Amino acid sequence: MSLRRSLLGLRTTVLLLSVLLIAQVALAGGFLGGHFGMLEMHGGLARGIVGVALLVVVAAFLVRRAGGPSSVLGTSALLLIALLGQVVLGVMHSVAGHVVLGVLIVAAAAVLSQRVMTTPLPPGNSSGTPDRDSELVA
């Protein structure tokens, strides 16, 4: 897979993760504001977020394998580990630790998003059609 395609895949997964994290914050705020039904949605969304974070790590690995920056792979892996810890804190009802780690996770996701979105895309072909010759394996 080319570096360009890998970066586009990483950008897509990081964008999805960011949107899901914003939704997760909204659900947590709703629960803390007295809408107790949002807690179940918050827990369900947490599983989806961990799944998407795993996809982000895979996409970051593919970017690194294609010659892209290694910093996004490390940040993605740390974010996945933090999210797994976040799930544990949530299940244990450790509200103080859960909230603090949640803030750090959102901040880390913002840093990751900035790194991924500002990594320059290698030029593609100008015809708009896929360049199959560059993807053939000898």
Side-chain angles (χ1 to χ4, degrees):
M1 182 177 285
S2 71
L3 178 56
R4 181 178 180 82
R5 281 187 171 180
S6 298
L7 274 170
L8 288 172
L10 181 59
R11 285 181 177 186
T12 302
T13 56
V14 166
L15 177 63
L16 177 60
L17 181 64
S18 298
V19 168
L20 293 176
L21 286 172
I22 291 168
Q24 189 72 320
V25 169
L27 289 172
F31 169 71
L32 293 174
H35 301 281
F36 301 113
M38 291 187 165
L39 183 59
E40 188 176 333
M41 291 186 286
H42 183 77
L45 184 56
R47 290 185 286 278
I49 288 172
V50 169
V52 171
L54 183 58
L55 291 176
V56 169
V57 171
V58 170
F61 172 77
L62 293 174
V63 165
R64 179 65 191 124
R65 187 172 174 208
S70 61
S71 64
V72 294
L73 179 57
T75 306
S76 300
L78 285 174
L79 188 56
L80 176 61
I81 292 167
L83 284 164
L84 291 170
Q86 182 72 329
V87 169
V88 170
L89 289 173
V91 169
M92 293 175 45
H93 303 289
S94 176
V95 176
H98 191 70
V99 169
V100 170
L101 186 55
V103 170
L104 293 173
I105 286 170
V106 170
V111 169
L112 178 62
S113 296
Q114 186 272 336
R115 285 183 183 173
V116 168
M117 297 302 182
T118 58
T119 300
L121 284 175
N125 62 2
S126 59
S127 67
T129 59
D131 184 10
R132 299 286 181 205
D133 293 335
S134 66
E135 292 187 17
L136 291 177
V137 178

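One-based numbering along the sequence shown. These numbers come from a predicted model, not from an experiment.
Residue Leu112 holds its CG atom at 9.0 Å from CE of Met117, rounded to the nearest 0.5 Å. Between the CG atom in Leu16 and the CD1 atom in Ile49 there is a gap of 9.5 Å [rounded to 0.5 Å]. Distance CG/Leu84 to CG/Leu89: 11.5 Å, rounded to 0.5 Å. The distance from atom CZ of Arg5 to atom CG of Leu10, rounded to the nearest 0.5 Å, is 16.0 Å. Annotation: the span from Leu27 atom CG to Ile22 atom CD1 amounts to 12.5 Å, rounded to 0.5 Å.
A continuous path of hydrophobic side-chain contacts links Val63 to Leu121 [ILVMFWY only; heavy atoms under 4.5 Å]. Taken together through direct or relayed side-chain contacts under 4.5 Å among Ile, Leu, Val, Met, Phe, Trp and Tyr, Val88 and Val100 form parts of separate hydrophobic clusters. Under a hydrophobic-cluster definition in which Ile, Leu, Val, Met, Phe, Trp and Tyr are linked whenever side-chain heavy atoms come within less than 4.5 Å, directly or via other members, Leu55 and Leu62 are assigned to different clusters. Under the 4.5 Å side-chain heavy-atom criterion for grouping Ile, Leu, Val, Met, Phe, Trp and Tyr, Met41 is connected to Val52 within one hydrophobic cluster. The same ILVMFWY cluster, assembled from side-chain heavy atoms under 4.5 Å apart, contains both Leu39 and Leu32.
Ser113 and Ser18 get closest at one heavy-atom pair: OG-OG, 3.0 Å. Of all non-hydrogen atoms in Leu73 and Phe61, the two that sit nearest each other are CD1-N, 3.7 Å. Taking every heavy atom of both residues into account, His42 and Gln24 meet most closely at O-NE2, 3.0 Å. The two residues Leu83 and Ala53 make their nearest non-hydrogen contact at CD1-CB, 3.5 Å. Here the shortest heavy-atom pairing between Ala60 and Val72 reads CB-O, 3.9 Å. Taking both residues in full, the closest heavy atoms of Ile105 and Ala82 are given as CD1-O, 3.7 Å, listed atom of the first, atom of the second, then distance.
Counting heavy atoms from C-beta outward, Gln86 and Val50 have side chains that stay 4.5 Å or more apart. With contacts defined as side-chain heavy-atom distances shorter than 4.5 Å, the pair Leu79/Val56 does not qualify.
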